[in-house]
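Since the structure comes first, as structure tokens, the remarks are kept for the end.
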There are 2 protein chains.
Amino acid sequence: MAQNNVRDRAGGAIDDVDAAIIEQLQRDARIPNNQLAERVGIAPSTCIARVRSLVDRGVVTGFEARVDPAALGLGLQALISVSVRSGARHRMAEFSAEMRRMPDVLQLFFLGGSEDFILHIAARDSAHVRDFVLEHLSAHPFVASTRTSMVFEHVSRAVTIP
Amino acid sequence: MAQNNVRDRAGGAIDDVDAAIIEQLQRDARIPNNQLAERVGIAPSTCIARVRSLVDRGVVTGFEARVDPAALGLGLQALISVSVRSGARHRMAEFSAEMRRMPDVLQLFFLGGSEDFILHIAARDSAHVRDFVLEHLSAHPFVASTRTSMVFEHVSRAVTIP
DNA sequence: CATGAAAAGTCTAAAGG
DNA sequence: CCTTTAGACTTTTCATG
């Protein structure tokens, strides 16, 4: 069986050509359609239809520019584990919406287990991290406790096709 | 002072037009250059030069397609905190390179503090998570201990210009 | 640095296999 | 589902303010 066939949510299948398209677009979302077509070995018009189908089926969810936070003066990153008061567990959605509005928040992970969620933030310096935790977390009525760890290095990779 | 002037690493400055360009490209990296130019209020030829400059200065580090792991059959995500044996601390770089090669790893955070790093992985199901931890972490000579938390929800946001 | 105009290249739809 | 073709649209370069 030379061909992959991971089924997607919409019932379509990801074949080898789709996989190759995805891999190229993960590397460079701005590759011209005709170059992309040539690299994956199909005609440009077929390629355009394939890319559209991947987007329509929800496999490719968007195309975004990666920006270096350090280049914007945000040279520090931190992970903050937050435990929510047991009485406030049912209001997590509310809290989530608040956190999402904070400009410093890069990622938000809602977890099962003892910790309730982890925030990934970008900051100018350690005073900025401290202020963020004190003002937006420690002082928050839903928050039971926090634990902050500085990020020394962050590696992020696109998901690999199984 | 109506104009922003965050200095970047290369000594250039991010002015309001650059900030507007970055914001648009974070939303949609594939926006046509002439549309982008119109939205930020400059000529297409100027816009092309601005975008190139942002890339050359390392402010914009790339353009990538976002892919839904669930659409590829990876419906589960986990965060795994890993503590490294004290004797192996000086070989973290080696370990990092190994982890980066694993196809299931989405992100890798190197931390200061008691935990040494956190892995963010995508998996088919809980058996896949368990196998990953057992085979690649617990069995690894550098690893002292691990703690796995399932991710119920993951929100990821582009960095905001300060 | 920014611009406009012209050349080079790319996108896309339609028709046919 | 793929390919070819041809017209429309975009990108890009470069000379000039």
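Side chains are part of it too, since the values below use all heavy atoms of this structure and drop only hydrogens, waters and symmetry mates. Letters go in sequence order (proteins before strands), and every chain restarts at 1.
When the side-chain nitrogen and oxygen atoms of B/Asn34 are compared with OP1 and OP2 of D/dT11, one or more of them lie within a distance under 4.0 Å.
Between the CD atom of B/Glu38 and the P atom of D/dT11 there is a distance of 12 Å, rounded to whole Å. Spacing between atom CD1 of A/Ile42 and atom P of C/dT12 amounts to 14 Å, rounded to whole angstrom units. C/dT10 atom C1' lies 13 Å from atom CD1 of A/Ile31, rounded to whole Å. At whole-Å resolution of the value, CG in A/Leu36 and C1' in C/dT12 are 15 Å apart. As a whole-Å value, the separation of B/Gln35 CD from D/dT10 P is 7 Å.
In the set D/dT11, D/dT4, C/dA2, C/dA2 carries the atom at the smallest distance from any side-chain atom of B/Arg50. The side chain of B/Thr46 lies closest to C/dA2 when the candidates are D/dT11, D/dC2, C/dA2.
Atoms NE2 and CZ, from A/His154 and B/Phe110 in turn, are 11.0 Å apart once rounded to the nearest 0.5 Å. We find the OG-CZ distance between A/Ser96 and A/Arg101 to be 9.5 Å, quoted to the nearest 0.5 Å. Within the model, atoms CZ of B/Arg30 and CZ of A/Arg30 stand 9.5 Å from one another, a figure rounded to the nearest 0.5 Å.
Hydrophobic clustering places A/Leu106 together with A/Val67 (ILVMFWY residues linked when any side-chain heavy atoms are closer than 4.5 Å, directly or through intermediates).
Looking only at side-chain heavy atoms (C-beta outward), A/Val159 and A/Gln26 come within less than 4.5 Å of each other.
Under the 3.5 Å distance criterion, with hydrogens and angles disregarded, no donor-acceptor pair is assigned to the side chains of A/Gln107 and B/His120.
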Sub-3.5 Å pairs of nitrogen or oxygen atoms, protein against nucleotides 12-16 of chain D:
unit_1	atom_1	unit_2	atom_2	d
D/dT13	OP2	B/Arg52	NH2	2.9

